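Just so it is clear, the model here is predicted, and its values are computed rather than measured. Remember, it's 1-based here, ligands and their atoms both numbered in the order they're listed.
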Amino acid sequence: MKQILITGGSGLVGTRLSEILTEKGYAVRHLSRTVNGNEKYLTFRWDLADKFIDPKAFEGIHIIIHLAGTNVSSGRWTDAKKKEILSSRIDTMHLLQEKLQNQKLEAFISASGISYYGTETTEKTFKETDPAGTDFIAQVSVKWEAACDVFKTNTDRIIALRTGIVLSREGGALAKLKQPIKMGIGSPLGSGKQYMPWIHLEDLCLMYVAAIENTAIKGIYNAVSDQHINNAGMTKVIADVLNKKLWAPAVPAFVLKLLFGEMANIILKGSRIDNEKIKAAGFQFKYPQLKPALEDLL
Ligand SMILES: NC(=O)c1ccc[n+]([C@@H]2O[C@H](COP(=O)([O-])OP(=O)(O)OC[C@H]3O[C@@H](n4cnc5c(N)ncnc54)[C@H](OP(=O)(O)O)[C@@H]3O)[C@@H](O)[C@H]2O)c1
């Protein structure tokens with residue numbers, strides 16, 4: 001039985017991924033900042049500030065999946081928040097490798113973000129080979145992916161999934177997007193023209209499974225579905241699926257900037273992202289189009 005250690009396994013992606021992996025016969029264990037004994041999965045504690053990882057976490061593991069990271073879209077990016085966004089993703093990887101030492105792994109798989117390409121609204125469709133953006137959140141993904149290389153001594157299979165907006169039944173972006181629409185006050189955000197590269201949670205988790213099982217998968221992959229849709233388009237599809245009318249005027253960009261400062265950029269800007277590379281590796285999306293994805297989730 002393959003042992004998979006997941007950092008941040010208690011989160012939105014980790015919870016569903018752990019269920020799927022367990023159903024497929026993998027042994028799942030989590031690395032978490034808190035352990036209370038009631039966890040569904042074997043859970044070990046780590047503490048970045050104390051540079052501590054329970055050494056038992058590493059016994060017999062084959063693969064590490066790194067999902068840990070503080071939420072980027074909750075609140076303003078103060079200096080302290082920016083530091084935490086970076087350290088919870090990157091310093092944690094350095095700590096992991098430091099404690100893992102030379103133990104061999106079949107693969108190290110990490111989350112990354114499509115914000116790698118920069119938060120701009122353009123007509124370009126970004127591929128994995130395109131250069132990174134220069135803004136803060138783009139540079140988070142650059143540093144996140146660069147830090148994966150510390151595992152080169154442990155495995156020759158290092159994978160990062162540049163993830164789009166994960167659509168899920170509970171929590172995440174969809175919960176925030178659907179709330180005003182359900183209340184009858186939904187409307188596009190800003191110009192509404194910003195693209196919103198998205199992926200159904202199920203497809204993302206199955207992509208992690210593909211990364212485990214298909215040894216030809218190595219390096220960077222965009223994790224977004226086929227259909228390119230902008231914010232106005234997505235808002236309309238959510239309203240249609242919920243059988244709600246949209247009548248309110250768009251939320252002006254300046255209001256979101258006042259509320260969220262620099263963080264508003266990830267809401268107000270966005271370009272199209274290409275997914276041919278993962279499809280060429282044999283991955284088939286269950287939900288390539290938005291409407292069936294939302295009909296499943298809402
Ligand atoms: N969801 C999305 O739309 C999306 C899009 C693009 C990229 N991603 C990336 O994919 C990964 C997983 O996403 P997710 O939605 O599952 O995230 P999530 O629900 O926010 O969960 C991530 C987990 O990270 C751990 N964590 C939180 N703050 C931390 C900190 N300061 N230091 C160390 N660990 C911390 C928590 O686990 P414990 O409390 O158990 O320690 C938490 O359950 C994240 O890195 C995220 O940035 C997600």
Side-chain angles (χ1 to χ4, degrees), residues 5-20 28-54 57 64-75 77 80-96 109-117 119 136-138 140-141 143-145 147-148 159-177 196-205 207-208 211 220-225 234 263 266-267 270 273 293 297:
L5 176 65
I6 308 180
T7 75
S10 62
L12 179 86
V13 178
T15 300
R16 182 66 190 132
L17 176 59
S18 300
E19 285 169 2
I20 293 178
V28 171
R29 57 178 84 173
H30 288 175
L31 207 48
S32 174
R33 293 163 302 162
T34 49
V35 180
N36 59 27
N38 296 323
E39 290 81 11
K40 190 169 167 190
Y41 303 93
L42 192 57
T43 302
F44 300 94
R45 199 176 71 83
W46 67 339
D47 186 321
L48 183 62
D50 283 350
K51 293 201 162 291
F52 170 81
I53 300 182
D54 184 336
I64 296 180
I65 298 180
H66 180 53
L67 301 177
T70 193
N71 195 318
V72 295
S73 58
S74 63
W77 290 344
K81 174 81 179 176
K82 282 185 172 178
K83 231 174 134 184
E84 198 189 349
I85 288 174
L86 284 164
S87 70
S88 60
R89 290 171 172 75
I90 294 150
D91 297 350
T92 47
M93 270 200 262
H94 288 284
L95 178 64
L96 266 175
I109 309 167
S110 178
S112 176
I114 49 146
S115 48
Y116 175 92
Y117 303 105
T119 38
F136 166 71
I137 200 67
V140 169
S141 288
K143 290 171 187 164
W144 205 352
E145 292 176 12
C148 291
I159 299 135
L161 300 182
R162 279 183 196 154
T163 309
I165 299 161
V166 181
L167 301 182
S168 56
R169 211 155 276 134
E170 282 159 37
L174 188 55
K176 290 182 191 158
L177 289 166
M196 298 189 69
W198 60 278
I199 185 166
H200 189 300
L201 175 64
E202 204 70 6
D203 275 328
L204 178 61
C205 293
M207 213 179 276
Y208 277 97
I220 309 292
Y221 294 83
N222 291 333
V224 295
S225 230
M234 185 179 278
M263 196 278 273
I266 60 172
I267 302 168
I273 308 289
L297 295 168

Engineer: Looking only at heavy atoms, which two atoms of Phe136 and Leu86 are closest? And how far apart?
Structural biologist: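 Phe136 and Leu86 have their closest heavy atoms at CE1-CD1, 4.0 Å.
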Engineer: Of the backbone atoms (N, CA, C, O) and the side-chain heavy atoms from C-beta on, which set of Ser32 has a member under 4.0 Å from an atom of ligand 1: side chain, backbone, both, or neither?
Structural biologist: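 Under 4.0 Å from ligand 1, Ser32 contributes backbone and side-chain atoms.
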Engineer: Considering the heavy atoms of Ala68, write down every atom of ligand 1 situated less than 4.0 Å from one of them.
Structural biologist: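 By the 4.0 Å cutoff, the relevant atoms are 24 (O), 34 (N), 45 (O).
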Engineer: In the protein, what heavy atom is nearest to atom 42 (C) of ligand 1, and what distance, to one decimal place, separates them?
Structural biologist: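 Minimum-distance protein heavy atom for atom 42 (C) of ligand 1 reads Ser10 OG, 4.0 Å.
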Engineer: Any sub-3.5 Å donor-acceptor pair from Thr15's side-chain atoms to Leu12's backbone N or O?
Structural biologist: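 No.
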Engineer: Is it the side chain, the backbone, both or neither of Trp144 that has a heavy atom closer than 4.0 Å to ligand 1?
Structural biologist: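 Near ligand 1, Trp144 shows its side chain, while the N, CA, C and O stay back.
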Engineer: Parallel, tilted or perpendicular: which one describes the rings of His30 and Tyr41, with boundaries at 30° and 60°?
Structural biologist: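 Answer is tilted, since the angle falls between 30° and 60°.
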Engineer: Between the side chain of His94 and the main-chain N/O of Ala147, is any donor-acceptor distance below 3.5 Å?
Structural biologist: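 Not confirmed, His94 side chain does not pair with Ala147 backbone.
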Engineer: Between Leu204 and Ala223, what is the shortest heavy-atom contact and its length?
Structural biologist: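 In terms of heavy atoms, the two residues are closest at CD1-CB, 3.8 Å.
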Engineer: For ligand 1, which is the ligand I care about here, please tell me if Val13 has any N or O atom under 3.5 Å from one of the ligand's N or O atoms.
Structural biologist: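 Between Val13 and ligand 1 (N or O atoms, distance only) the closest approach is under 3.5 Å.
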Engineer: Examine Gly11 against ligand 1 and note whether any of their N/O atoms are separated by less than 3.5 Å.
Structural biologist: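 Yes - when backbone and side-chain N and O of Gly11 are compared with those of ligand 1, one distance drops under 3.5 Å.
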Engineer: Should Arg16 and Glu19 count as an ion pair when the cut-off is N to O under 4.0 Å?
Structural biologist: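 Judged by the 4.0 Å cut-off on N to carboxylate O distance, Arg16 and Glu19 do form a salt bridge.
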Engineer: Donor-acceptor pair, Arg162 side chain versus Ser115 backbone, under 3.5 Å?
Structural biologist: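 A pair under 3.5 Å: no.
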Engineer: Is the closest heavy atom of Gly164 to ligand 1 under 4.0 Å?
Structural biologist: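 Under 4.0 Å: yes for Gly164.
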Engineer: For Val72 and Trp77, work out which heavy atoms get closest and say how close.
Structural biologist: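 For Val72 versus Trp77, the nearest heavy atoms are O-NE1, 2.8 Å.
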Engineer: What protein heavy atom sits nearest atom 45 (O) of ligand 1, and how far away is it?
Structural biologist: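 For atom 45 (O) of ligand 1, the nearest protein heavy atom comes out as Leu67 O, 3.0 Å.
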Engineer: Could you find the nearest protein heavy atom to atom 20 (O) of ligand 1 and give me its residue, atom name and distance?
Structural biologist: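 For atom 20 (O) of ligand 1, the nearest protein heavy atom comes out as Gly69 O, 4.2 Å.
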Engineer: Should one rank Arg16, Arg33, His30 by closest heavy-atom distance to atom 41 (O) of ligand 1, which comes out on top?
Structural biologist: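 It is Arg33 whose heavy atom sits nearest to atom 41 (O) of ligand 1.
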Engineer: Please check if the side chain of Ser88 supplies one atom and the backbone of Thr70 the other of a donor-acceptor pair under 3.5 Å.
Structural biologist: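 Yes, because the side chain of Ser88 sits within donor-acceptor range (under 3.5 Å) of the backbone of Thr70.
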Engineer: Among Val166, Asp47, Leu17, which one puts a heavy atom closest to atom 2 (C) of ligand 1?
Structural biologist: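 Closest candidate by heavy-atom distance is Val166.
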Engineer: Within the side chain of Thr7, is there an N or O that forms a donor-acceptor pair under 3.5 Å with the backbone of Leu67?
Structural biologist: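 Judged by distance alone, yes, a pair lies under 3.5 Å.
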Engineer: Can you give me the closest heavy-atom contact between Ser168 and Leu201, atom names plus distance?
Structural biologist: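 So the minimum-distance heavy-atom pair works out to CB-CD2, 3.9 Å.
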Engineer: Can you find an N/O atom of Arg89 closer than 3.5 Å to an N/O atom of ligand 1?
Structural biologist: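 Yes; at least one N/O pair falls below 3.5 Å.
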Engineer: Can you tell which part of Ser112 has a heavy atom less than 4.0 Å from ligand 1: side chain, backbone, both or neither?
Structural biologist: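 Near ligand 1, Ser112 shows its backbone, while the atoms from C-beta on stay back.
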Engineer: Can you report which non-hydrogen protein atom sits closest to atom 6 (C) of ligand 1, along with the distance?
Structural biologist: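 Going by distance alone, atom 6 (C) of ligand 1 is nearest to Thr163 O, 3.3 Å.
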Engineer: Considering distance alone, does some N or O of Leu12 sit under 3.5 Å from an N or O of ligand 1?
Structural biologist: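 Leu12 vs ligand 1: N/O contact under 3.5 Å present.
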Engineer: Who gets closest to atom 9 (C) of ligand 1 by heavy atom: Ala111, Gly172, Ser88?
Structural biologist: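 When every heavy atom of Ala111, Gly172, Ser88 is considered, Ala111 comes closest to atom 9 (C) of ligand 1.
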Engineer: Looking only at heavy atoms, is any part of Glu84 under 4.0 Å from ligand 1, and if so is it the side chain, the backbone, or both, or is it neither?
Structural biologist: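 The answer is the side chain.
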